[in-house]
Colleague: 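Here you go, one structure.
Just follow the structure's listing: the first ligand is 1, and inside any ligand the first atom is 1.
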Amino acid sequence: MNSANDPILLTPGPLTTSSRTREAMLRDWGSWDAAFNRMTHSVCAELVNIVHGETDYVCVPLQGSGTFAVEAAIGTLVPRQGCVLVPNNGAYCARLIRILQRMGLAYVELALREDQPVSAAAVEDAFNRDSRISHVALVHLETSAGLLNPLDDIAAVCQRHGRRLIVDAMSSFGALPIDLRQSGIDALISASGKCLEGVPGMGFVIVRRSELEQSEGRSPSLALDLHDQYVYMQKTTQWRFTPPTHVVAALREALDQFMAEGGQPARGARYTRNCATLVSGMKALGFEPFLQAEVQAPVIVTFHAPRDPAWNFAHFYSAVRDEGYVLYPGKLTQVETFRVGCIGAIDADDLRNAVAAIDRTLVRLGIRVR
Ligand SMILES: *Cc1c(COP(=O)(O)O)cnc(C)c1O
């Protein structure tokens with residue numbers, strides 16, 4: 001699917017995009033151009049529809065990588081006197097905590113292992129122990145291991161206890177089912193360059209309109225103030241500050257392909273086939289996935305590194321890169337691992353070929369997996 005000499009990115013963003021998506025960037029747009037601003041509007045409307053937020057939610061786009069949108073959501077939506085519960089099972093949860101620390105907001109960490117999803121019971125327990133907790137910040141799909149947290153269960157508990165829920169759905173949005181209707185989710189954060197298969201450069205927050213309207217003047221940051229961005233856009237149809245024009249154009253094109261493919265169910269099904277092909281091929285080579293199959297999301301798979309002293313990830317990476325496939329280092333704190341993504345404009349054949357390239361590389365480098 002990729003053009004001849006570019007390697008296929010088996011990484012969770014930036015990822016391999018289609019040539020149509022890349023070609024959509026071959027034109028310059030002015031920020032006053034009404035056609036460009038209509039494009040932004042149509043992108044935002046479609047993003048809200050993907051998660052069924054039609055009536056009560058709005059989409060606020062934001063320049064930057066996904067973390068900018070996470071930081072903007074926390075800074076805009078959590079009041080100064082709030083207290084945020086963070087279930088922590090990986091590096092992106094830890095990043096949420098660092099954001100809260102920087103902002104001087106109170107938080108409670110719910111520490112978990114990197115292979116252990118958070119349970120609704122543990123969240124409910126935390127609510128009962130600590131009445132200060134006003135919000136939960138949940139990472140839906142912890143990309144560090146590829147772990148899926150049970151969003152619907154957590155949302156139901158938050159709703160029952162009247163706590164606000166902010167979800168980092170960065171690497172699940174578009175691939176896994178998310179339904180905002182009667183959900184208890186107040187804000188959902190993702191970005192252009194993950195499962196929507198756009199290019200990186202734009203984050204977005206889909207937020208309950210009533211929550212956003214209460215947040216005027218709260219953000220400690222000017223550039224990351226979602227309320228200000230939203231109000232300015234409503235008033236002028238334009239982005240506040242220079243828009244990532246080419247990124248928006250690529251995302252518009254990527255969304256057309258997303259719809260033509262069959263939307264979230266079809267995208268999720270393709271990634272599931274990719275993941276199954278990858279895991280069965282790697283197991284046949286002797287590699288062990290880090291996660292149990294029940295909690296493995298079909299987005300990125302963590303494998304244990306071989307114990308062979310000949311193993312060196314940097315060497316292995318560049319040898320596989322020479323074969324045309326880009327892998328990803330592990331991001332776990334305790335065990336040595338590496339990761340292979342299954343998302344992007346790739347299909348099961350690409351994953352089959354990638355496993356064959358990994359097999360050839362192991363032989364060439366003399367690495368024994370078992
Ligand atoms: C990619 C990702 C982010 C954003 O990371 P950036 O480096 O800013 O793109 C946040 N959370 C999760 C779960 C992610 O996968």
Colleague: Are Arg163 and Phe127 in a cation-pi contact, defined as NZ or CZ under 6.0 Å from the six-membered ring centre and within 45° of the axis?
Modeller: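 Yes, a cation-pi geometry holds between Arg163 and Phe127.
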Colleague: Salt bridge between Arg267 and Glu197, side-chain N to carboxylate O under 4.0 Å?
Modeller: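 Yes, charged N to carboxylate O under 4.0 Å.
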Colleague: According to side-chain contact (heavy atoms from CB on, under 4.5 Å), who are the partners of Ala35, at least two apart in sequence or on a separate chain?
Modeller: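 So Ala35 forms a side-chain contact (heavy atoms from CB on, under 4.5 Å) with Trp29, Asp33, Arg38.
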Colleague: Out of Arg27, Arg22, Arg20, which residue meets the salt bridge (Lys or Arg N to Asp or Glu O under 4.0 Å) rule with Glu253?
Modeller: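 So the option named by the test is Arg20.
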Colleague: Tell me, please, whether Tyr92 has Lys194 positioned over its six-membered ring: NZ or CZ under 6.0 Å from the ring centre and within 45 degrees of its axis?
Modeller: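 Checked: cation-pi criterion met.
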Colleague: What do you reckon, is CZ of Arg321 surrounded by more than 12 foreign heavy atoms closer than 6.0 Å?
Modeller: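 No.
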Colleague: For ligand 1, give me the residues whose heavy-atom distance to it is below 4.0 Å, by chain and number please.
Modeller: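 Ser65, Gly66, Thr67, Tyr92, Arg95, Val139, Leu141, Thr143, Asp168, Met170, Ser171, Lys194.
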